[in-house]
Peer 1: 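Have a look at this one.
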Amino acid sequence: MRYAQLYVPTRREDPADAEVVSHKLLVRGGYMRMLARGIYSFLPLGWRVLQKIERIIREEMNRAGAQEVLLPSVQPAELWEESGRWSFYGPELLRFKDRKGAAFCYGPTHEEVITDLVRGDVRSYKQLPLNLYQIQAKFRDEIRPRAGLMRGREFIMKDGYSFDVSTEAAHASYEQMRQAYCRTFDRLGLRYRAVEADTGNIGGSLSHEFQVLAHSGEDWVTSCPSCGYAANRELTEVPSSGAPVSAGAEQAASASVETPGQRTVEEVTAFLKVSAQGLVKTVIFCDEADAPFAVLVRGDHEVNEVKVKNLLGGQAVRLARDEEVERLTGAPVGFAGPVGLACPIYADQAVGSILGFVVGGNAKDVHLTGVCHGRDFAVTRWADLRQVEEGDACPRCGATLEFYRGIEVGHIFYLGTKYSKALGASFLDESGASRAMEMGCYGMGVTRIMAAAIEQNHDDDGIVWPVPIAPFEVSLLTIGKVDDALVEAGQALHDGLVERGVEVLWDDREERPAVKFKDTDLVGVPLRLTLGARGLKEGKVEAKWRWSKDVEMIDLASAPEVIAAMILKARS
RNA sequence: CGGGGCGUGGCGCAGUCUGGUAGCGCGCCGGUUUUGGGUACCGGAAGUCGGAGGUUCGAAUCCUCUCGCCCCGACCA
């Protein structure tokens with residue numbers, strides 16, 4: 001491909017509306033342009049990268065036994081009413097009406113459509129298992145799209161769904177997909193972790209996220225260097241600290257102390273001259289029915305809301321509002337405590353191993369010291385409810401966990417029969433009994449992968465693409481005075497590489513060398529070939545990898561073979 | 001939706017407080033020059049100052065309304 005013929009409008013300056021590096025570089029490098037917030041056009045370079053990502057995904061999905069389909073983006077409301085999600089999904093679902101006034105939505109995900117498809121044609125256990133996927137633009141009217149492709153409203157996603165006869169078979173399908181995902185991200189050339197994850201809104205009970213490691217990631221993941229345990233931070237278990245100790249007769253009775261204006265853990269511990277480990281935080285939440293309850297964690301720990309939610313059977317929980325706290329405790333926020341509190345009290349296990357601690361007094365400017373659980377108040381349930389912290393041990397093997405920032409590029413779920421039951425997707429088993437299909441669903445964000453790859457692979461000069469997803473593998477710069485000899489040599493090298501299946505972008509423009517160097521660095525092509533008058537005289541072409549400082553001089557005569565071999569090696 | 005910021009040639013910005021003939025850099029077009037890290041010079045094209053309404057002799061600038069974009073919080077591939 002000749003650069004002069006390619007539509008690559010690069011820019012010198014960062015776009016004013018971009019904050020994150022992938023957004024800036026995708027715009028500057030001529031990969032994409034914004035049409036509306038969270039909605040982007042992909043230019044030739046961007047589309048090439050996306051197609052490369054898609055090809056790898058397709059190959060791995062097909063290899064794992066999944067079959068590609070294409071489902072409609074526009075979906076009738078009735079189907080969503082059947083699953084119960086028409087009212088549940090909220091304003092994120094883009095809804096509209098056709099000319100007859102019938103309600104439709106633009107698909108944010110396709111559980112309904114795929115289940116509807118399968119229920120119509122699959123009747124027998126002999127037709128299962130079935131694993132179908134598609135790659136397509138989704139639309140989610142996000143509250144706050146941001147960071148370019150990292151959270152767009154329209155985005156390209158690979159979504160897949162499996163249908164099985166039993167839980168065991170569904171788990172096998174799930175495992176197959178988990179492995180296919182690992183192979184996919186390996187091939188994409190990304191550093192990532194597959195981590196245990198919360199199942200969120202989609203439901204189900206088994207789930208992994210695939211997190212590309214990058215400093216700019218929004219998620220925290222933990223990973224054990226010793227046994228391989230890895231989880232989203234919000235799901236990372238804290239090792240059990242044993243049964244709660246109980247207060248003996250020697251324990252001094254609790255006492256009330258004046259703590260005027262001291263609300264936070266820092267203020268109270270400093271005021272009373274106790275350590276944060278000697279204080280217990282009482283955090284008031286409300287459940288789905290707006291009924292309040294208290295969560296107790298040690299002063300130096302943080303409550304993990306996901307763990308609290310899961311303790312209550314997965315129902316939505318929220319922090320109580322100030323007036324709700326005041327109504328329950330009879331005191332302003334900052335003085336809540338478990339003693340005499342008329343609501344369920346859930347305590348983190350770490351609270352069980354301390355006695356004689358400080359808590360709020362449920363009265364303005366009052367705290368209690370020397371408080372003991374069991375004696376001074378009853379704990380409704382003990383559980384692991386706190387957030388893991390750096391330095392915490394692996395829940396499986398006890399080694400110290402590592403913490404990383406991650407970008408979620410894939411998420412797989414075991415769904416069970418949630419959708420098959422709601423939509424009546426059933427089959428007849430060997431005994432002739434009708435049973436609901438066991439489902440799994442598997443998402444992968446194609447456009448987000450492109451952004452995440454850049455977040456992970458860039459420098460001050462631009463993008464540094466992993467070879468498997470680079471828009472071109474080689475950029476050939478012919479520099480110096482444009483004359484017949486140079487053009488001829490450039491053409492020969494270009495053609496020789498193309499014949500050998502190498503993707504070459506030949507910068508044949510009449511530009512100064514510096515301009516070409518800047519552009520190829522910005523665009524991020526992995527291997528740069530520089531052919532100038534000097535080299536031409538000596539019969540050499542210079543080769544340099546984008547991520548390296550070293551240059552190599554290659555004989556022009558053998559250059560096509562040598563360079564094709566270099567690229568072949570770099571592809572895997 | 002709440003809080004903060006911003007809309008001025010294609011891009012990045014100044015001008016707005018204190019109303020008075022629309023400016024700079026980059027890019028673009030023509031020419032000369034230069035040719036290993038965005039070269040230099042000359043000449044040129046290009047803007048209803050986001051939109052609507054108002055105040056005024058006069059509005060990019062003041063007032064009202066409105067649309068769009070970015071950042072911070074509740075979401076997720």
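Below, each value reflects all heavy atoms present in this structure, side chains not excepted, and no hydrogens, waters or symmetry copies. In this text the structure is predicted, and so the values were computed from the model without any measurement. So that the names make sense, note that chain A is the first sequence line, chain B the second, and so on, each numbered from 1.
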Peer 1: What contact category does R146(A) fall into here, base, sugar-phosphate, or nothing, at under 4.0 angstrom with non-hydrogen atoms?
Peer 2: sugar-phosphate

Peer 1: Under the side chain to side chain donor-acceptor pair (under 3.5 Å) definition, can you give me all pairs with a residue in residues 441-450 of chain A, not counting sequence neighbours?
Peer 2: S162(A)-Y442(A)

Peer 1: Which nucleotide, if any, forms a Watson-Crick or G-U wobble pair with U55(B), using both distances under 3.5 Å?
Peer 2: none

Peer 1: Give one of base, sugar-phosphate or nothing for A452(A), where a contact means two heavy atoms less than 4.0 Å apart.
Peer 2: nothing

Peer 1: Look at the side chain of A16(A) and decide which nucleotide, out of C13(B), C72(B), A77(B), has an atom nearest to it.
Peer 2: C13(B)

Peer 1: For S475(A), check side-chain hydrogen bond (donor to acceptor under 3.5 Å, both in side chains) against everything at least two apart and list the hits.
Peer 2: T520(A)

Peer 1: Tell me which nucleotide among G73(B), G12(B), C76(B) gets nearest to the side chain of E408(A).
Peer 2: C76(B)

Peer 1: Under a 3.5 Å cut-off for both contacts, is C1(B) paired Watson-Crick or G-U wobble with anything, and if yes, with which nucleotide?
Peer 2: G73(B)

Peer 1: Where along nucleotides 32-41 of chain B does protein come under 4.0 Å, by heavy atom, of base (B) or sugar-phosphate alone (S), with - for untouched nucleotides?
Peer 2: --BBBBBB--

Peer 1: May I have the distance from D17(A) (atom CG) to G50(B) (atom P), rounded to whole angstrom?
Peer 2: 16 Å

Peer 1: With the side chain of A36(A) defined as its heavy atoms from C-beta on, choose the nearest nucleotide among G12(B), C70(B), C69(B).
Peer 2: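 Nearest nucleotide to the side chain: C69(B).
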
Peer 1: Please determine, for G68(B), whether a Watson-Crick or G-U wobble partner exists with both distances under 3.5 Å, and give it or none.
Peer 2: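 Base-paired to C6(B).
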
Peer 1: Taking any heavy-atom pair under 4.0 Å as a contact, classify G152(A): base, sugar-phosphate, or nothing.
Peer 2: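 Contact class for G152(A): base.
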
